[in-house]
Amino acid sequence: MAKAIRLVLLGAPGAGKGTQAKLLQERFAAPQISTGDILRKAVADQTQLGKQAADFMNRGVLVPDDVIIDMVGDRLAAEDCKQGFILDGFPRTIPQAESLDKLLTRIGLPLNCVLSVKVPHAEIVDRLSGRRTCKQCGALFHLKFDAPKTAGVCDKCGGALFQRDDDQEATIMKRLEVYETQTAPLASYYAKQGLLREVEGVGQIDEIRGRIYSALGDLVR
Ligand code: AMP
């Protein structure tokens with residue numbers, strides 16, 4: 001029987017956090033909280049939050065901390081997070097991490113693991129520039145590694161596939177630069193708290209999942 005997991009997934013954009021978070025979500029019956037997904041939905045729905053976030057996202061830079069912290073605070077207050085949660089794409093700055101620590105201490109649900117998925121930048125550019133997303137159901141494909149059966153059409157629902165604006169090469173380079181300067185320092189922040197575990201994120205999805213389960217060790221049993 002797995003223990004409740006309160007996990008942060010760290011890793012550059014395109015490191016495979018989203019894919020692995022979905023697998024962990026099933027394994028631990030704990031919700032995946034992807035700030036990128038929440039923001040993209042807000043942009044598509046043209047909510048106030050979406051209007052605030054869209055321009056930052058299209059430029060490949062971070063949405064301001066106060067906006068993100070409020071958004072995640074609301075999500076973590078939901079009933080389904082009491083049995084654990086998997087944070088994917090949050091925190092991304094030291095102030096976000098500090099706010100998260102305060103919030104989780106206040107509600108008595110501190111993190112029990114931070115998992116860093118490591119992938120070389122050259123591979124990330126390759127992965128992200130080939131990524132295609134279904135407009136209708138959000139399924140992910142890759143022109144090289146996981147091509148749809150019919151070009152431009154989702155295998156799952158028949159919706160049209162598109163390339164996210166922030167998956168264009170110039171924006172990818174910007175996102176990687178932002179990651180190195182603002183997010184990478186979180187690894188030592190969490191290492192100091194004794195929470196950091198690292199895995200290599202190159203290889204087949206199942207292989208990486210296996211490495212993640214080994215790294216989670218005591219939490220999986
Ligand atoms: P992602 O899908 O996680 O790569 O996120 C896509 C975009 O959403 C990022 O490039 C940022 O503009 C924004 N975003 C997502 N999560 C955060 C966060 N924790 N802090 C600030 N901006 C974020």
Side-chain angles (χ1 to χ4, degrees), residues 7-22 24-25 31-76 81 85-104 111 114-119 121 123-135 138-142 162-187 189-190 201:
L7 173 74
V8 165
L9 274 173
L10 277 185
K17 299 187 298 297
T19 305
Q20 294 298 334
K22 286 191 174 62
L24 287 166
Q25 165 171 270
Q32 169 200 14
I33 302 177
S34 157
T35 44
D37 285 351
I38 298 173
L39 291 168
R40 276 184 289 280
K41 179 162 188 328
V43 172
D45 293 347
Q46 302 186 336
T47 64
Q48 184 60 27
L49 171 67
K51 285 179 192 149
Q52 273 176 292
D55 177 55
F56 296 102
M57 295 173 76
N58 289 338
R59 285 189 286 129
V61 299
L62 296 183
V63 174
D65 285 340
D66 52 343
V67 175
I68 296 289
I69 290 165
D70 285 351
M71 181 182 101
V72 175
D74 288 347
R75 181 64 189 87
L76 284 171
C81 293
F85 48 80
I86 298 153
L87 286 166
D88 162 15
F90 176 90
R92 258 169 149 110
T93 64
I94 297 281
Q96 288 182 15
E98 290 170 343
S99 298
L100 177 68
D101 280 347
K102 280 193 201 124
L103 169 78
L104 294 179
L111 294 175
V114 174
L115 197 73
S116 170
V117 183
K118 298 171 82 71
V119 176
H121 281 192
E123 164 125 2
I124 291 210
V125 176
D126 221 27
R127 285 187 188 179
L128 289 184
S129 54
R131 187 156 81 168
R132 295 294 179 271
T133 308
C134 174
K135 249 194 180 101
L140 292 175
F141 295 86
H142 194 282
F162 75 107
Q163 184 177 33
R164 278 167 44 177
D165 283 345
D166 61 349
D167 284 344
Q168 315 275 345
E169 190 153 344
T171 318
I172 294 169
M173 301 314 287
K174 181 68 199 168
R175 289 166 71 199
L176 286 175
E177 182 197 316
V178 167
Y179 177 77
E180 283 306 322
T181 53
Q182 303 198 57
T183 309
L186 290 180
Y189 175 91
Y190 285 122

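Numbering of ligands and ligand atoms starts at 1, following listing order. Keep in mind that this is a model prediction, so the values were computed, not measured.
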Query - D101 and Y190 side chains, donor-acceptor separation under 3.5 Å - result: no
Query raised in the report: Under 3.5 Å, is there a donor-acceptor pair between the T93 and D65 side chains?
Result: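 Yes, a side-chain donor-acceptor pair sits under 3.5 Å.
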Query raised in the report: Residues in salt bridge (Lys or Arg N to Asp or Glu O under 4.0 Å) with K41, at least two apart?
Result: D45
Requested in this report: Can you tell me which residues line ligand 1 if we count any heavy atom under 4.0 angstrom from one of its atoms, in chain and number order?
Outcome: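 The answer is T35, G36, L39, R40, M57, V61, L62, V63, I68, G89, F90, R92, Q96, R164, D166, R175, counting any residue whose heavy atom sits under 4.0 Å from ligand 1.
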Report summary line: Sorted by chain and number, sequence neighbours left out, ring-ring contact (aromatic ring centres under 6.0 Å, His included) with H121 holds for none
Identify each donor-acceptor pair in which a side-chain atom of residues 7-21 lies under 3.5 Å from a protein atom, sequence neighbours left out, and give them as a table.
residue	atom	partner	partner atom	Å
K17	NZ	G11	O	2.9
K17	NZ	A12	O	3.2
Q20	NE2	I205	O	3.2

Query - Side-chain touch D167/R175, heavy atoms, less than 4.5 angstrom - result: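 Counting from C-beta outward, D167 and R175 do come under 4.5 Å.
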